[in-house]
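Data block below; observations after.
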Amino acid sequence: MFSEDEYRLDFFVDEGFQRKKCEKCGKFFWTRDGQRKTCGDPPCDPYTFIGSPIFKREHTLDEMREHYLSFFQARGHSRIKRYPVVARWRDDIYLTIASIADFQPFVTSGQVPPPANPLTISQPCIRLDDLDSVGRSGRHLTTFEMMAHHVFNTREREIYWKDRTVRLCDELLAGLGMDPLAVTYKENPWAGGGNAGPSVEVMVGGLELATLVFMDLKAVAGGPIQIKGECYEKMNNYIVDTGYGLERFVWASTGSPTIYDAIFPHLVGKVADLAGVEHDLADPEYAEIFAQNARLAGMVDLDEYSMKDLRAMIAKSIGTSPEKLERTIEPMERVYAVVDHTRCLAYMLGDGIIPSNVKSGYLARLVIRRALRLMKELGLDLPIADLVEMQISRLDYPDWEERFVTVREILTQEEQKYAETLEKGKRLVKKSAEHFKKLEQAVPLAEMIALYDTHGIPPEIAKASAEEMGATVELPDNFYSLVAKKRIKAEAEEEAKAVVPGKTELLYYENPFDQVFEATVLDVTAEGWAVLDRTLLYPEGGGQPADHGTLERAGQEFAVVDVQKSGDAVLHKLDRAGLQKGDRVAGKVDMRRRLAHARHHTATHLVHDSAKRILGRHVWQAGAQKSEDRARLDISHYRRITEAELKAIELEANRRVMELTAVDTQFLPREEAEKLFGFELYQGGVPPGKQIRVVRVGSDIEACAGTHVTNTGMIGAIKILRSERIQDGVERIEFAAGEAAVRAVQERDDLLAQASGVLRVPAEQLPRTAERFFEEWKGQAKEIERLKEELAKARLRSLAAEAEEADGLKIVVQRMGKADIDELLKAAALLAEQDCTVLLGSETGKLVAAVGKSGLEKGLKAGAIIKAAAKALGGGGGGRPELAQGGGPDVAKLEEALAAGREAMRA
RNA sequence: GGGCUUGUAGAUCAGUGGUAGAUCGCCGCCUUCGCAAGGCGGAGGCCACGGGUUCGAAUCCCGUCAAGUCCA
């Protein structure tokens with residue numbers, strides 16, 4: 001816990017604030033109001049702003065955002081453009097969940113300077129944690145804008161800290177016309193993601209408008225400061241992290257019953273109209289229902305309260321029945337949620353998320369399906385793309401409008417996909433329901449979980465259609481948590497590799513085509529890795545494998561078989577021991593390998609850029625790997641790449657090769673590079689460091705640390721080999737560049753030549769000939785089948801004639817030359833039809849037994865006969881009582897086998 | 001990144017190691033003025049692909065490819 005000193009700011013003292021302890025929750029807060037006894041935070045205080053706005057006039061989202069940003073701009077903050085809602089620069093989160101997320105991890109850790117300092121931003125954020133409450137609580141949103149001002153201080157240079165932060169906040173609120181007595185600043189220590197610090201929540205009218213965090217601690221084992229069981233110490237860089245809820249500010253300015261009516265009244269009205277739901281907030285009685293709902297939902301933790309309890313509570317407080325309340329409120333809850341979800345989708349798809357079954361794409365699909373379900377419940381019969389388009393046209397992002405063609409296509413496809421899933425689901429449910437109905441059991445929970453978990457059928461839908469079919473269903477309230485429980489939580493913690501000390505000068509950037517260099521051995525590790533003070537050898541990284549080469553010391557040559565980076569040091573794995581610390585060595589790069597990598601690497605950039613041109617701007621690199629003779633590039637795309645598209649990409653990439661474009665590489669300060677080129681720089685992930693290397697190949701500009709050729713002409717040729725879908729929404733393109741491309745084409749030619757050699761036709765006629773052969777082969781197989789049947793019939797007469805009578809049975813035991821199992825089966829089956837008891841054997845070691853009607857009546861079993869016979873051949877067999885087959889490897893003992901089988905027929 | 005599931009006739013699916021099936025659709029004939037329905041007959045299968053186990057694999061095991069779905 002933080003002491004009072006942490007919060008006793010000059011501002012509070014100057015302004016006559018008092019520190020009080022909330023008489024309900026016991027937490028400390030600061031107020032100007034001498035009468036105030038509670039902290040201002042629900043449930044200690046209820047919402048009071050509904051119907052009586054906090055601010056003196058209504059603001060729209062755009063007005064409020066502009067007000068905020070210009071307020072801070074006028075007070076020395078630089079205005080920063082928003083970041084995408086998909087956090088491509090992070091590998092720990094998929095979506096941007098807070099404004100500070102824009103600056104993690106490198107700015108907050110101090111490795112990279114901030115784009116401006118101090119700065120102000122309004123960052124769209126997406127949080128799906130409270131998805132179920134959206135629309136119901138009156139305040140929950142999946143998408144919100146976090147307005148913020150951030151300051152990145154260091155011990156050497158402090159810009160401002162707590163006092164000015166709170167002062168600015170108070171001034172902002174006063175400027176909007178808030179009653180100064182209404183605000184409380186509630187002390188609330190903050191901790192998360194390995195950092196912590198004091199923080200205050202800004203409460204007005206029961207609504208938390210902002211949180212001001214003073215992040216100045218980091219988690220360190222054995223650190224001197226303890227918070228919630230963790231040990232922390234002070235950081236050298238300490239950060240003002242504020243978060244002002246744009247939507248809540250707007251809500252506070254309107255005092256409408258729900259946040260939804262405050263922030264997108266037009267769309268709420270429009271969707272309600274389309275769904276035929278009457279929504280007239282001018283009717284005070286009607287408005288009061290939603291107001292009361294929001295007030296009470298604001299007081300409770302929705303995780304702990306069931307919807308039913310809450311409804312009952314609200315119904316009681318406004319003097320109506322829960323059923324009546326539900327009828328009024330439920331359709332609107334869906335309208336609110338649909339409007340919220342489609343806004344969320346506008347951001348997700350606008351910023352380039354491709355719906356998928358993994359990662360951020362899954363989250364997009366989750367929201368799409370939820371929205372579709374809600375729309376269906378509302379009876380809204382229009383494409384979801386229409387609603388998303390409405391959202392996009394209300395947002396001020398011009399580049400999204402041009403992207404809308406793609407977004408519409410994606411949404412249409414998702415709509416179809418979901419319809420198919422539900423259709424398939426219906427059949428599965430039907431089958432399952434019939435099964436359990438027959439057993440006179442309820443459809444068990446395990447089955448419901450399987451339907452949902454494995455086939456994506458929501459339990460509510462499954463239950464409804466199962467009950468339609470007259471089956472009963474077991475469906476507990478905590479269904480989803482039971483599904484979650486089924487999973488095993490196994491989070492493997494990544495082992496932090498020890499960083500090898502030392503700093504190696506990287507020569508390969510300056511002089512990418514130098515082959516030899518001189519260096520001093522700084523150290524040799526126990527595992528035989530040499531650390532050099534400078535090197536031309538490229539360490540593995542960015543999907544490019546390590547260079548190979550040699551290190552020579554006084555005529556002694558050591559082969560370098562691997563190169564890795566560790567911290568600032570480059571490690572060279574040698575094929576044998578002997579090199580010593582302090583040795584001078586002459587290094588040499590295997591240029592063949594280097595060049596092959598460089599060709600594939602530059603080619604990767606070209607293929608990527610071509611894919612973007614052919615498929616659309618939604619294409620992002622999702623991974624890449626190069627080698628000497630192949631490269632592969634994974635890109636985000638919402639459907640399978642067609643053959644035609646693949647060819648177009650290949651042609652486009654080769655045109656760029658032929659244009660002989662120079663490859664331009666330069667180191668730029670990160671913030672400058674980002675300003676110039678935007679986030680599309682980070683196709684291969686975000687590198688750390690103040691300076692980043694920017695590689696430019698014509699229109700393709702990427703942050704990239706790999707080695708490249710200096711001109712696209714050096715690539716020679718690019719041959720795309722294949723594409724595969726590695727995930728829903730991610731396509732992999734495999735290709736070869738340079739010599740490898742030529743060799744790849746030659747290999748294909750060889751295959752073609754071999755195939756046409758086998759069929760003895762020219763390559764052009766291969767497809768036709770292959771098809772003809774295949775058809776003929778099929779026809780012949782059928783013909784053979786037919787002939788065998790005929791043959792069996794023809795033999796029937798002679799075999800039946802040779803039947804011996806014994807024990808009142810007609811018995812046929814015969815060897816049948818080299819007949820195969822099909823022939824034996826057919827003949828035996830036919831004989832059995834004529835009431836024979838049959839055992840047929842072939843010289844290939846196959847046996848078939850069949851028992852006719854009389855035999856069956858006597859209890860003879862074909863399986864038993866075959867077992868006895870096959871045993872003699874050293875094998876086994878089995879089958880049904882009327883027909884069985886078997887065999888064994890000792891072909892020579894066929895006679896004995898037949899005799900043994902004959903014996904078995906006696907029993 | 002992890003979990004679960006599925007690839008069998010044009011479609012939907014049965015088929016738990018022993019001669020590959022049903023329903024719908026398709027074709028022909030019968031019935032009918034014609035259509036629908038009905039009756040009889042028929043065509044249509046590398047049981048996703050490649051290995052393995054076995055006397056024998058659609059079925060069991062391994063791998064590959066394709067697809068669905070839930071989660072972090």
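Chain letters run A, B, ... following the sequence lines, proteins first, then strands; residues in each count from 1.
- In this structure, A:Leu451 atom CG and B:U69 atom C1' are separated by 11 Å, rounded to whole Å.
- Contact annotation: A:Lys778 side-chain N/O to B:G45 OP1/OP2 distance is under 4.0 Å.
- Closest to the A:Arg640 side chain, of the nucleotides B:G45, B:A67, B:C55, is B:A67.
- A straight line from CD of A:Glu789 to C1' of B:A20 spans 14 Å, rounded to a whole angstrom.
- Nucleotides B:G34 and B:C29 place their P atoms 13 Å apart, quoted to the nearest Å.
- Residue contacts for A:Val848: at a heavy-atom cut-off of 4.0 Å it reaches no nucleic acid atom on any strand shown.
- A gap of 32 Å separates the C1' atoms of B:U59 and B:G41, to the nearest Å.
- Residue A:Asp453 places its side chain closer to B:G3 than to any other of B:A72, B:G3, B:C46.
- Summarising the base pairing, B:G28 is matched to B:C40 through a Watson-Crick or G-U wobble pair whose two defining distances lie under 3.5 Å.
- Residues from residues 412-426 of chain A with heavy atoms under 4.0 angstrom of RNA chain B, sorted by number: A:Lys417, A:Thr421.
- In this pair, A:His618 and A:His637 present their aromatic rings parallel. The plane angle is below 30°, not in the 30 to 60° band.
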Steps toward salt bridge (Lys or Arg N to Asp or Glu O under 4.0 Å) verdict (A:Arg722, A:Glu734): CA-CA 5 Å; A:Arg722 64 194 297 251; A:Glu734 257 182 59; 3.7 Å; yes
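- Separation of the P atoms belonging to B:A9 and B:A14 is 12 Å when rounded to the nearest angstrom.
- Note on A:Glu823 versus A:Arg795: salt bridge recorded, some NZ/NE/NH1/NH2 to OD/OE distance being below 4.0 Å.
- With both pairing distances under 3.5 Å, B:C35 is matched to nothing as a Watson-Crick or G-U wobble pair.
- A:Gly456 comes within contact range of the sugar-phosphate backbone alone, with a heavy-atom separation under 4.0 Å but no base atom that close.
- When the nearest nucleotides of RNA chain B are assigned to A:Gly888 and A:Glu833 by heavy-atom distance, the more 5′-ward of the two goes with A:Glu833.
- Going from atom CD1 of A:Ile93 over to atom P of B:G1 covers 18 Å, rounded to whole Å.
- Aromatic pair A:Tyr83/A:Trp89: centroids less than 6.0 angstrom apart.
- Separation of the C1' atoms belonging to B:G38 and B:C4 is 46 Å when rounded to the nearest angstrom.
- Between A:Arg365 and the phosphate of B:C70, there is no side-chain N or O to OP1/OP2 separation shorter than 4.0 Å.
- Atom pair A:Ile368:CD1 and B:C70:P shows a separation of 12 Å (rounding to whole Å applied).
- Between the side chain of A:Asp820 and the backbone N or O of A:Asp822 there is at least one donor-acceptor pair closer than 3.5 Å.
- Panel note: side chain A:Ser432, backbone A:Leu428; no donor-acceptor pair is recorded below 3.5 Å.
- Out of B:C55, B:C46, B:G2, the shortest distance to the side chain of A:Lys846 is found at B:C55.
- The interatomic distance linking A:Leu366 (CG) with B:C70 (P) rounds to 8 Å, in whole Å.
- Annotation: B:G63 and B:G68 have their P atoms spaced 22 Å apart (nearest Å).
- Under a 3.5 Å cut-off, the side chain of A:Asp835 and the backbone N or O of A:Lys853 do form a donor-acceptor pair.
- The side chain of A:Lys782 places an N or O atom within less than 4.0 Å of a non-bridging phosphate oxygen (OP1 or OP2) of B:G45.
- Side-chain atoms of A:Arg370 come within 3.5 Å of backbone atoms of A:Leu131 as a donor-acceptor pair (strictly under, hydrogens ignored).
- Rounded to whole Å, the distance from OH on A:Tyr94 to P on B:G1 is 9 Å.
- In summary, A:Asp130 and A:Arg127 do not engage in a salt bridge, as defined by a charged side-chain N under 4.0 Å from a carboxylate O.
- Annotation for A:Lys417: atom NZ counts as buried by contact number, over 12 foreign heavy atoms lying within 6.0 Å.
- Note: CG (A:Asn357) to P (B:A72) measures 14 Å, nearest angstrom.
- Among the nucleotides B:G18, B:C70, B:U5, the one closest to the side chain of A:Gln885 is B:G18.
- A:Lys431 has a side-chain polar atom (N or O) that falls below the 4.0 Å cut-off from OP1 or OP2 of B:A14.
- Residue A:Trp777 has its side chain nearest to B:C46 when only B:U19, B:C46, B:C4 are considered.
- For the pair A:Gln683 (side chain) and A:Gln621 (backbone), a donor-acceptor distance under 3.5 Å is present.
- Proximity note for A:Leu825 (side chain, C-beta onward) versus B:C55, B:C70, B:U19: the nearest is B:U19.
- Atom P of B:A58 sits at a distance of 8 Å from the matching atom of B:A20, rounded to the whole Å.
- The pairing partner recorded for B:C13 is B:G21, the criterion being a Watson-Crick or G-U wobble arrangement whose two distances lie under 3.5 angstrom.
- Listed nucleotides: B:U19, B:G1, B:C70. Nearest to the side chain of A:Lys359: B:G1.
- With hydrogens and angles disregarded, no donor-acceptor distance shorter than 3.5 Å links the side chain of A:Arg88 to the backbone of A:Trp620.
- Remark: B:U69 base-pairs with B:G3. Criterion, Watson-Crick or G-U wobble with two distances under 3.5 Å.
- Across all strands, A:Ala870 comes closer than 4.0 Å to no nucleic acid atom at all (heavy-atom distances).
- Within a 6.0 Å radius of CD in A:Glu775, other residues, nucleotides and ligands contribute more than 12 heavy atoms.
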Below 3.5 Å is the cut-off: list the nitrogen or oxygen pairs between protein and nucleotides 57-60 of chain B, distance only.
none

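- Counted by atom type alone, A:Arg90 and A:Gln104 present one or more donor-acceptor pairs between their side chains at under 3.5 Å.
- Rounded to the nearest Å, the gap between the C1' atom of B:C26 and that of B:A43 is 9 Å.
- Looking at residues 721-732 of chain A, you'll see A:Glu724, A:Arg725, A:Gln727 sit with a heavy atom under 4.0 Å from some atom of RNA chain B.
- Distance A:Arg880 CZ to B:G17 C1': 13 Å, rounded to the nearest Å.
- In this structure, A:Thr837 contributes its side chain and A:Ile811 its backbone to no donor-acceptor pair below 3.5 Å.
- The same atom, C1', is picked in B:G1 and in B:U53; the two are 34 Å apart, to the nearest Å.
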